[in-house]
Amino acid sequence: MKLTMTLKDVQGAASRCLRDSRCTYGSWPQNDPLCPIYWHDPSFTFSGGGYLFLLLALLENKIDFNHSTADYVFSCASCLACDSNCNIIHCHPPYADISDIIRLLRSEMVKRGFIPEKSLQKIYDEIKKRKDYGEAIPFNLPNQIKNDQADTVLFTECSHNQAQKTIYEALPRLFEKIGTPVSSFSEKGCCGASLYDFGFWEEVKPLVESNWLNMKPLKEKRFVFVNPHCQEFIQKRYPEILPDYKGINGHHISQFLLDAFKSGRLKSRRTDKVKVSYHDPCYLGRGLKIYDTPREVLTSLEGVELIEMGRNRENSFCCGSRILGNYVPHLSKDTAKERLKEFRATGAELLITACPYCKEAFQKAMPHRDKEKVKDLIEFVEERV
């Protein structure tokens with residue numbers, strides 16, 4: 001969706017909603033609820049379609065822009081389940097997905113100064129002051145593999161949480177074991193993904209233009225991403241924002257690791273048996289369509305038994321990490337807890353994910369004594385090779 005889009009531009013598409021709640025459920029025949037806010041309160045209002053009807057009501061002056069409507073708009077999990085299941089809205093001009101229309105609503109709320117105070121105010125203040133969000137993670141590649149001319153570039157994103165910092169502590173050790181020459185590309189702040197998701201559209205374009213200026217000379221190299229949100233945004237949104245964008249050769253870290261196992265550069269060192277379950281992050285799965293690769297990495301490790309949760313792959317249930325509104329109290333934490341129930345039902349010892357936001361959300365929802373049961377794929381692989 002172009003950043004110049006207005007609510008009026010998507011009014012026609014929003015009006016095509018059939019109110020069939022298809023945006024809330026997974027595949028037949030299970031039809032498991034996937035939309036977190038709908039799962040919490042199964043009503044049309046709490047669904048992707050409900051957000052579309054809110055947009056129509058705002059345009060028709062039936063509902064006011066206010067802090068309550070803003071809180072509701074920011075209570076969407078941005079999990080992309082509605083986009084995967086609705087085949088109506090994005091077929092009509094301007095061919096926008098439901099999740100993008102919700103982001104457009106957020107942008108309008110930010111423009112009008114309606115910010116959920118508890119969850120978003122600090123982010124709002126930082127972005128308005130710095131025109132950016134987050135700080136770059138101190139990251140040093142081992143001298144044995146560091147090569148600024150290498151064909152592989154590790155995209156080291158900014159850090160928004162402690163979970164991401166511990167992942168980046170394991171990452172250099174893992175790359176040293178692989179032994180492939182690599183350079184790193186480090187943003188001073190955000191790649192633009194969080195600003196786009198949170199509705200700070202006025203700040204997105206100059207930030208993206210600045211980032212692309214630095215990335216452009218490296219576009220022929222292989223970029224390896226740790227955070228699927230960053231990869232999805234750069235590969236899918238940069239073309240919408242930048243007229244001179246040329247697609248980069250982007251790979252998720254799981255794809256890089258699988259190549260290392262297949263080529264023999266990575267081998268299991270530990271062989272003790274452990275049962276794990278894998279959580280599909282929304283932006284790695286529904287966003288980038290990467291489902292098999294992380295599972296193949298896990299099953300490449302000796303002694304590891306993978307046990308699937310009931311909702312998995314395109315029917316994965318969200319971790320709730322991107323729910324910033326509190327229209328439904330505690331929805332973010334309750335969403336994570338619901339997913340953790342599925343994990344415990346598998347009988348697995350560890351929950352593995354491949355997104356730092358997911359890891360943080362699950363750890364926040366767990367008792368302190370159980371936090372080590374959640375690991376990022378990078379951390380888990382590094383421990384066993």
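Fair warning: this is a prediction, and the values are worked out from it, not measured in the lab.
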> Using the rule that Ile, Leu, Val, Met, Phe, Trp and Tyr join whenever any side-chain heavy atoms are under 4.5 Å apart, tell me whether I145 and Y168 fall into a single cluster.
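Yes, because I145 and Y168 connect within a single hydrophobic cluster, where side-chain heavy atoms sit under 4.5 Å apart.
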> If two hydrophobic side chains count as joined below 4.5 Å and joins carry through other members, does L195 share a cluster with L105?
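L195 and L105: one cluster.
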> Passes side chain to side chain contact (heavy atoms under 4.5 Å, CB included), L377 versus I253? Steps please.
CA-CA 9 Å; L377 183 68; I253 185 67; 5.5 Å; no
> Ignoring hydrogens and geometry beyond distance, is a side-chain donor-acceptor pair present between R16 and H92 at under 3.5 Å?
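On atom types as modelled, these side chains qualify, holding a pair under 3.5 Å.
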> Going by atom types only, do R19 and S47 share a side-chain donor-acceptor pair under 3.5 Å?
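Side chains of R19 and S47: no pair found under 3.5 Å.
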> Tabulate below the donor-acceptor pairs under 3.5 Å that side-chain atoms of residues 206-218 make, not counting sequence neighbours, or state none.
unit_1, atom_1, unit_2, atom_2, d
N211, ND2, C190, O, 3.2
N211, ND2, C191, O, 3.4
K216, NZ, D244, OD2, 2.9

> Rounded at 0.5 Å granularity, tell me how far CG in L350 sits from CD1 in I307.
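Rounded to the nearest 0.5 Å, the CG-CD1 separation comes to 11.0 Å.
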> I want to check something: taking the side chain as every heavy atom from C-beta on, are K373 and R344 in contact at a cut-off of under 4.5 Å?
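Side chain of K373 against side chain of R344, heavy atoms only: no contact under 4.5 Å found.
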> Less than 4.5 Å apart, side chain to side chain, heavy atoms only: is that true for I234 and I248?
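Side-chain contact under 4.5 Å: yes.
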> So if you build clusters from Ile, Leu, Val, Met, Phe, Trp, Tyr with side-chain heavy-atom gaps below 4.5 Å, do L52 and L18 land together?
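Same cluster.
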> Can you tell whether the side chains of R295 and D292 come within less than 4.0 Å, N to carboxylate O?
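Result for this pair is no, no salt bridge flagged.
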> With a 4.5 Å heavy-atom cut-off, do M109 and F74 have their side chains touching?
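The answer is yes, as the side chains (C-beta and beyond) meet within the 4.5 Å cut-off.
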> Do L324 and F198 have side-chain heavy atoms sitting under 4.5 Å apart?
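Heavy-atom side-chain distance check passes, below 4.5 Å.
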> Is D272 salt-bridged to R270, cutoff N-O under 4.0 Å?
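The answer is yes: the pair qualifies as a salt bridge.
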> When you compare the side chains of D100 and Y196, does any donor N or O come within less than 3.5 Å of an acceptor on the partner?
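Present: a donor and an acceptor within the cut-off.
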> Kindly give the heavy-atom pair with the smallest separation between A354 and P228, and that separation in Å.
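In this case the closest contact between A354 and P228 is O-CD, 3.6 Å.
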> Could you check whether any side-chain heavy atom of I89 comes within less than 4.5 Å of a side-chain heavy atom of D97, counting everything from C-beta outward?
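When only atoms from C-beta onward are counted, D97 and I89 do not touch, as no gap falls below 4.5 Å.
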> Assess the residue pair S316 and R339 against the criterion (side chain to side chain contact (heavy atoms under 4.5 Å, CB included)); give the C-alpha distance rounded to whole Å, side-chain angles, the decisive distance to 0.1 Å, and a yes or no.
CA-CA 9 Å; S316 177; R339 189 59 166 160; 3.1 Å; yes
> Nearest 0.5 angstrom please: L284 CG to C355 SG, how far?
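Between L284 CG and C355 SG, I get 8.0 Å after rounding to 0.5 Å.
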> Nearest heavy-atom pair of P116 and A70: which atoms, and what distance?
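So the minimum-distance heavy-atom pair works out to CG-O, 4.2 Å.
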> Which Ile, Leu, Val, Met, Phe, Trp or Tyr residues join Y25 in one cluster when any pair of side-chain heavy atoms under 4.5 Å counts as a link?
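Y38, which link up through side-chain heavy atoms under 4.5 Å apart, make up the rest of the cluster.
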> With a sphere of 6.0 Å drawn around NZ of K146, does it hold more than 12 non-hydrogen atoms of other residues, nucleotides or ligands?
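No - once you tally the heavy atoms of other residues, nucleotides and ligands closer than 6.0 Å, there are 12 at most.
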> Enumerate the salt bridge (charged side-chain N to carboxylate O under 4.0 Å, His left out) contacts for residues 62-88, please, sequence neighbours excluded, ordered by first and then second residue.
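As it turns out, the salt bridge (charged side-chain N to carboxylate O under 4.0 Å, His left out) pairs with a partner in residues 62-88, which skip direct neighbours, are E60-K62.
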> Would you call R384-E302 a salt bridge at under 4.0 Å N-O?
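Judged by the 4.0 Å cut-off on N to carboxylate O distance, R384 and E302 do not form a salt bridge.
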> Decide yes or no on salt bridge (charged side-chain N to carboxylate O under 4.0 Å, His left out) for E372 and R369, but give the supporting numbers first.
CA-CA 7 Å; E372 291 305 311; R369 66 180 182 276; over 6 Å; no
> Counting only N and O atoms by type, is there a donor-acceptor contact under 3.5 Å from the side chain of T24 to the main-chain atoms of P33?
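Judged by distance alone, no pair lies under 3.5 Å.
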> Between E314 and R286, is there a side-chain N and carboxylate O pair less than 4.0 Å apart?
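A salt bridge is absent here (no side-chain N lies under 4.0 Å from a carboxylate O).
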> Mark yes or no for whether Q255, through its side chain, and H252, through its backbone, hold a donor-acceptor pair below 3.5 Å.
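At least one qualifying donor-acceptor pair exists.
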> Between R237 and D197, is there a side-chain N and carboxylate O pair less than 4.0 Å apart?
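No, this pair does not count.
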> Identify whether the distance between the nearest side-chain nitrogen and carboxylate oxygen of E202 and K205 falls below 4.0 Å.
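No, E202 and K205 are not salt-bridged.
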> Membership question, hydrophobic clusters at under 4.5 Å side-chain separation (ILVMFWY): are V385 and V274 in the same one?
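Linked within one cluster.
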> Side-chain heavy atoms under 4.5 Å apart, restricted to Ile/Leu/Val/Met/Phe/Trp/Tyr: what other residues fall into the cluster of F362, or is it alone?
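Hydrophobic cluster check, F362: joined to M309, L340, F343, L351, M366, V374.
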> Using the rule given for side chain to side chain contact (heavy atoms under 4.5 Å, CB included), can you reason through T6 versus D9, listing the C-alpha separation, both sets of side-chain angles and the distance that settles it, and then say yes or no?
CA-CA 5 Å; T6 67; D9 292 330; 3.1 Å; yes
> Is R322 close enough and on-axis enough to Y283, meaning under 6.0 Å and within 45°, for cation-pi?
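That pair does not qualify as a cation-pi contact.
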> Test side chain to side chain contact (heavy atoms under 4.5 Å, CB included) on I241 and L3 and set out the steps.
CA-CA 7 Å; I241 300 169; L3 299 176; 4.0 Å; yes
> Show your reasoning for whether side chain to side chain donor-acceptor pair (under 3.5 Å) applies to K359 and T166.
CA-CA 11 Å; K359 178 190 170 186; T166 57; 2.9 Å; yes
> Any side-chain donor paired with an acceptor under 3.5 Å for S300 and K262?
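No, no side-chain donor-acceptor contact under 3.5 Å.
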> So which atom in E169 and which in R173 form the shortest heavy-atom distance, rounded to 0.1 Å?
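Closest heavy-atom pair between E169 and R173: O-NH1, 3.0 Å.
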> Distance alone, cut at 3.5 Å: any donor-acceptor contact between the side chains of H368 and D370?
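Per modelled atom types, H368 and D370 side chains form no pair under 3.5 Å.
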> On a heavy-atom basis, which atom in P93 and which in A13 lie closest, and how many Å separate them?
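Result for this residue pair: O-CB, 3.7 Å.
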> Should L80 and I101 be counted in the same cluster of Ile, Leu, Val, Met, Phe, Trp and Tyr side chains packed under 4.5 Å apart?
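Looking at the clustering, I101 is in a separate group from L80.
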> Between T335 and C319, which heavy-atom pair has the shortest distance, and what is it?
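Closest pair (atom of T335, atom of C319, distance): CG2-C, 4.0 Å.
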> Have a look at Y51 and tell me which of Y72, F44, F46 forms a ring pair (Phe, Tyr, Trp, His ring centres under 6.0 Å) with it.
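One option only clears the test, and that one is Y72.
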> Do K2 and E240 sit within salt-bridge range, that is, some charged N less than 4.0 Å from a carboxylate O?
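Between E240 and K2 there is no salt bridge, as every charged N stays at least 4.0 Å from the carboxylate O atoms.
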> For the backbone of C82 and the side chain of N85, can you confirm whether one donor and one acceptor N or O come within less than 3.5 Å of each other?
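Side chain of N85 to backbone of C82: no pair is present.
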> Please tabulate, for the side chains in residues 122-130, all donor-acceptor contacts under 3.5 angstrom to protein atoms that are two or more places apart in sequence or on a different chain.
unit_1, atom_1, unit_2, atom_2, d
D125, OD1, Q121, NE2, 3.0
E126, OE2, R130, NH1, 2.6
E126, OE2, G134, N, 2.9
K128, NZ, E203, OE2, 3.1
R130, NH1, G134, O, 3.4
R130, NH2, G134, O, 3.4

> Heavy-atom distance under 4.5 Å between the side chains of S78 and S99, does that happen here?
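No, side chains not in contact.
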> Counting N and O atoms only, with roles assigned by atom type, does the side chain of K177 sit under 3.5 Å from a partner on the main chain of E382, one being a donor and the other an acceptor?
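At least one qualifying donor-acceptor pair exists.
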> Are any of the side-chain nitrogens in K246 or E220 under 4.0 Å away from the carboxylate oxygens of its partner?
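No.
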> Linking Ile, Leu, Val, Met, Phe, Trp and Tyr through side-chain heavy atoms less than 4.5 Å apart, which residues share a cluster with W39?
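F317, listed by chain and number.
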> If you count every heavy atom of other residues, nucleotides or ligands that lies below 6.0 Å from K341 atom NZ, does the total exceed 12?
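Not more than 12 within 6.0 Å, no.
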> With a 6.0 Å cut-off (strictly less than), is the heavy-atom count around NZ of K289, excluding the residue itself, greater than 12?
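Yes - once you tally the heavy atoms of other residues, nucleotides and ligands closer than 6.0 Å, there are more than 12.
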> Quick one: does R313's side chain get under 4.5 Å of N315's, heavy atoms only?
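A side-chain contact under 4.5 Å is absent here.
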> Does D259 offer a backbone N or O that forms a donor-acceptor pair with the side chain of S263 under 3.5 Å?
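Such a contact is found between S263 side chain and D259 backbone.
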> Do the non-hydrogen side-chain atoms of T152 and S183 ever get within less than 4.5 Å of each other?
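In short, these two side chains do not touch, never coming nearer than 4.5 Å.
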> With no hydrogens and no angle check, is any side-chain donor or acceptor of E232 less than 3.5 Å from a backbone partner on G287?
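No; zero donor-acceptor contacts below 3.5 Å.
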